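In listed order, ligands and their atoms are each counted from 1. Predicted model only: the values in this text are computed from it and were never measured.
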Amino acid sequence: MSTALIILAAGKGTRMESDLPKVMHELGGAPLFTHAWTHGRALEPTRTVIVAGHGAELVEKAARDIDPEVTVVVQEEQLGTGHAVLQARAALEGVEGDAVVLYGDTPFTGEETLARLVEARKTADVVVLGFEAADPGRYGRLVMEGNRLARIVEFKDASDEERTISLCNSGVVCADAATLMELLDGVNNDNAAGEYYLPDVVAVANARGLTATAVTCDEGETLGINTRMELVEAERIFQIRARHQAMEDGALLQAPDTVHFSADTVIGRDAVVEPNVVFAPGVTVESGARIRAFSHLEDCHVSKDAIVGPYARLRPGTELANGAKIGNFVEIKNAQIGEGAKVNHLSYVGDATVGEAANLGAGTITCNYDGVMKHRTTIGARAFIGSDTMLVAPVTVGDEAMTTTGAVITKDVPAGAMAIARAEQVNKPGLAVKFFARLRALKAKKGK
Ligand code: UD1
Ligand code: MG
């Protein structure tokens, strides 16, 4: 049996007080709606439909970056969760099997819970994910009759007695895709909010002689985000989970509370992460690598046994080969650093290729930008770049070549050559002493 995913992501998120649609706010460096999608992917869906509305272009672009095949439909007017699901009807045409509806603003519903939800479909036509709420507040309430779910009543429409029910609706629903659409045809907007409620499919199913039931999960998995305070609280939870996961996978975080992860960070076994490290999106670190304190990494790859930092910045497009060393106050961008190559102190290496075992001295700069265009620098294997060398790109330094300290390299350096490119030194005997004596005399005169 195949499964389809429907992710509701059309809402504005008024309480975020933002120009950005709620589901585009970031959690773990990734748009909020992608988290539910990530968990849903464990069901191996044959089709995924994202229902966008507010900021639909932004949502669509973010979705396509993840999966070019995904279907994004637009709900022009937000007439309720039931209406939102109906927008996926055409896109689900021909799907044989279940549809699972997830909310784009609810990031923590886990894979195991979703598996139980789908499994429960063996016992009922409609399965809803519920939870025992510590404070049921304004959640929809599940009206159970034994194991059967009779209906879901929204807080706004509930009687005082119904409001005492603590078993609440998470919003997640699973039913046969075609059946779900037929049930939604039977849902009206005759309620306190004047909306088409997705949870009303339960009552319609029962009225049509179908069955409904609920499976439950921990309340923490149903946490929805509506405000910035809730977003940062979710970020805190996300970070705790990511740190635990990294250590379960065999990495050592010396001070886990100070390491910041992204949703897609991958850290290999026996990698060591020292305190105060930020993994922005797109980072993979292979086993045995060491990321030293106060380093910031983004969209880059660190191979086995490489050492980064302390105080290093790896920007997008950085690739460190095995055993490469990037030291303090070094910035690398869009550059491949060869096996065992070293850039240990105070350097900028951008738009460059550095050969294996090359050594870049302190203060080496690739001058990659002429104010209009970016140019590449190529440094050969085992080349030695003297401290404070300016490499004015485009430029190539050959294998085993050398540049002298303080060189400004504007022409290619052949393999094995030494490039000397600096003003020649002139010594004036006694001039320093005379010079300072003159300055002091000048100051004494002025001081009167
Ligand atoms: C919904 C449920 C409620 C449940 C609660 C759990 C309904 C009617 N009520 O209420 O039973 O306890 O979630 O958090 O479903 N959306 C659209 N298009 C729309 C309306 C909503 O895409 O027209 C999206 C929203 O962006 C959001 C999700 O659906 O991601 C839920 O909508 P929301 O308005 O938050 O529903 P609640 O009132 O919280
Ligand atoms: Mg909500």
Side-chain angles (χ1 to χ4, degrees), residues 5-16 18 20-25 27 31-37 40 49-56 58-60 63 72-88 101-109 126 128-143 149 151-158 162-163 165-173 180 183-184 187-204 212 214 216-217 219-227 230-231 234:
L5 281 185
I6 303 172
I7 299 173
L8 303 191
K12 180 162 185 263
T14 312
R15 289 195 283 153
M16 295 298 278
S18 173
L20 207 59
K22 174 163 75 176
V23 294
M24 285 301 293
H25 283 260
L27 177 68
L32 188 52
F33 77 93
T34 64
H35 290 262
W37 188 5
V49 183
I50 309 223
V51 182
H54 284 277
L58 291 174
V59 173
E60 176 158 9
V72 179
V73 297
V74 179
Q75 184 193 22
E76 297 290 353
E77 259 188 302
Q78 281 72 56
L79 302 179
T81 48
H83 178 258
V85 172
L86 271 176
Q87 308 311 303
V101 181
L102 302 174
Y103 286 178
D105 66 355
T106 305
F108 296 131
T109 311
V126 177
V128 168
L129 182 64
F131 63 102
E132 278 296 336
D135 171 14
R138 303 188 64 80
Y139 287 118
R141 308 295 208 266
L142 302 193
V143 181
L149 175 58
R151 60 201 172 87
I152 301 177
V153 58
E154 288 305 298
F155 176 81
K156 283 183 187 170
D157 304 291
E162 287 165 336
R163 286 180 182 182
I165 298 172
S166 56
L167 183 61
C168 291
N169 177 27
S170 72
V172 177
V173 174
L180 180 63
L183 292 173
L184 281 167
V187 169
N188 63 37
N189 65 350
D190 184 12
N191 53 50
E195 290 183 0
Y196 295 90
Y197 293 160
L198 170 63
D200 278 359
V201 295
V202 171
V204 175
T216 57
C217 69
E219 184 167 5
E221 287 192 49
T222 70
L223 183 79
I225 284 119
N226 300 296
T227 64
E230 286 168 359
L231 184 64

For [atom], grab the closest protein heavy atom and report residue, atom and distance to one decimal in Å.
atom: atom 35 (O) of ligand 1; value: Asp105 OD2, 4.2 Å
atom: atom 32 (O) of ligand 1; value: Thr81 CG2, 3.7 Å
atom: atom 14 (O) of ligand 1; value: Tyr139 CE2, 3.8 Å

[X]: numbered ligand 1 atoms lying under 4.0 Å from its heavy atoms:
X: Gly11; result: 22 (O), 26 (O)
X: Glu154; result: 2 (C), 3 (C), 7 (C), 8 (C), 9 (N), 11 (O)
X: Gln78; result: 18 (N), 19 (C), 23 (O)
X: Gly140; result: 3 (C), 4 (C), 11 (O), 12 (O)
X: Ala84; result: 17 (C), 18 (N), 22 (O)

Inset, instruction - Examine ligand 1 and decide if any of its atoms is less than 4.0 Å from a heavy atom belonging to Gly53. - result: no

Closest approach of [X] to [Y] (non-hydrogen atoms, all atoms of both residues):
X: Thr106; Y: Ala36; answer: O-CB, 3.8 Å
X: Ala133; Y: Glu219; answer: CA-OE1, 3.5 Å
X: Arg141; Y: Cys168; answer: CD-SG, 3.9 Å
X: Ala214; Y: Leu142; answer: CB-CD1, 3.8 Å

[X] side chain near [Y] side chain, heavy-atom distance below 4.5 Å:
X: Met24; Y: Phe33; value: yes
X: Pro107; Y: Ile225; value: yes
X: Ile152; Y: Tyr197; value: no
X: Lys156; Y: Asn191; value: no

Inset, instruction - Determine, for Glu162 against Arg151, whether the closest basic-nitrogen to carboxylate-oxygen distance falls under 4.0 angstrom. - result: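 Answer for the salt bridge query: yes.
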
[X] and ligand 1 - part of the residue with a heavy-atom distance under 4.0 Å:
X: Ala10; answer: both
X: Gln75; answer: side chain
X: His83; answer: neither
X: Val51; answer: neither
X: Ser170; answer: backbone

Inset, instruction - Using atom types as modelled and distance alone, determine if a side-chain donor or acceptor of Ser170 lies under 3.5 Å from a backbone N or O of Leu129. - result: yes

I'd like to know if [atom] has any protein heavy atom within a distance of less than 4.0 Å.
atom: atom 29 (O) of ligand 1; answer: yes
atom: atom 37 (P) of ligand 1; answer: no
atom: atom 9 (N) of ligand 1; answer: yes

Give the single entry among [options] that approaches [atom] most closely by any heavy atom.
atom: atom 13 (O) of ligand 1; options: Tyr197, Tyr103, Tyr196, Phe33; answer: Tyr103
atom: atom 6 (C) of ligand 1; options: Ile7, Asn169, Leu8, Asn191; answer: Asn169
atom: atom 23 (O) of ligand 1; options: Gly82, Gly80, Ala36, Ala52; answer: Gly80

Legend entry - Residue among Asn189, Leu86, Thr81 satisfying side chain to side chain contact (heavy atoms under 4.5 Å, CB included) with Tyr196: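 Among the candidates, only Asn189 passes.
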
Inset, instruction - Would you check if there is a donor-acceptor pair between the side chains of His83 and Glu77 at a distance under 3.5 Å? - result: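 No, no side-chain donor-acceptor pair sits under 3.5 Å.
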
